[in-house]
Amino acid sequence: MEGLRNVMEDAVEYQLNKLLPTMPDVCSCEKCRLDMASFALNRLSPQYTRTDTGALYQKLNNSSQQAEIEVLTTVITAIETISAHPKHD
């Protein structure tokens, strides 16, 4: 639906962009990145918003240490899982 946005996608993408450059042995092609993001997003609670104000509010809520740790650990698990079983050669 147009106008809806899951701000959790931004949090997952941020962590992937931060972590993958520090892991040279992990494939970071577009296919693997999308698999990693999908894996993580399917394990995190979605946070849909409709307005920029709602998105800002959710991002403020996600800035708590507990929320950041939850996203970080989920993304690390996604990276480990997908890199161990990539969908390509």
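Along the sequence shown, residues carry numbers from 1. As the structure is a computational prediction, the values presented were derived from the model and not from experiment.
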Student: Are V12 and M36 close enough that some pair of their side-chain heavy atoms sits under 4.5 Å apart?
Tutor: no
Student: Any sub-3.5 Å donor-acceptor pair from S83's side-chain atoms to E80's backbone N or O?
Tutor: yes
Student: Nearest 0.5 angstrom please: S28 OG to N17 CG, how far?
Tutor: 10.0 Å
Student: Side-chain contact, heavy-atom cut-off 4.5 Å: H88 with C29?
Tutor: yes
Student: Looking at side-chain heavy atoms only, is the closest gap between K18 and V75 below 4.5 Å?
Tutor: no
Student: Which value, rounded to the nearest 0.5 Å, describes the distance between E13 atom CD and L41 atom CG?
Tutor: 10.0 Å
Student: Going by side chain to side chain contact (heavy atoms under 4.5 Å, CB included), I76 matches just one of T74, T73, L72. Which one?
Tutor: L72
Student: Once rounded to the nearest 0.5 Å, what's the spacing between atom CZ of R33 and atom CD1 of I79?
Tutor: 9.0 Å
Student: Side-chain contact test, heavy atoms from C-beta onward, threshold under 4.5 Å: evaluate it for M8 versus V71 and give yes or no.
Tutor: yes
Student: Does Y14, at its OH atom, have more than 12 non-hydrogen atoms belonging to other residues, nucleotides or ligands within less than 6.0 Å?
Tutor: no
Student: Are M23 and I82 joined in one hydrophobic group, where the rule is that I, L, V, M, F, W and Y side chains link up if heavy atoms are under 4.5 Å apart?
Tutor: yes
Student: Supply the atom-to-atom distance L20 CG to C27 SG, rounded to the nearest 0.5 angstrom.
Tutor: 9.0 Å
Student: Cation-pi between R43 and F39: NZ/CZ under 6.0 Å from ring centre and within 45° of the ring axis?
Tutor: yes
Student: Working to the nearest 0.5 Å, report the span between CZ of R50 and CZ of R5.
Tutor: 13.5 Å
Student: Is it the case that the side chain of N6 and the backbone of Q47 share a donor-acceptor pair, with hydrogens and angles ignored and the cut-off at 3.5 Å?
Tutor: yes
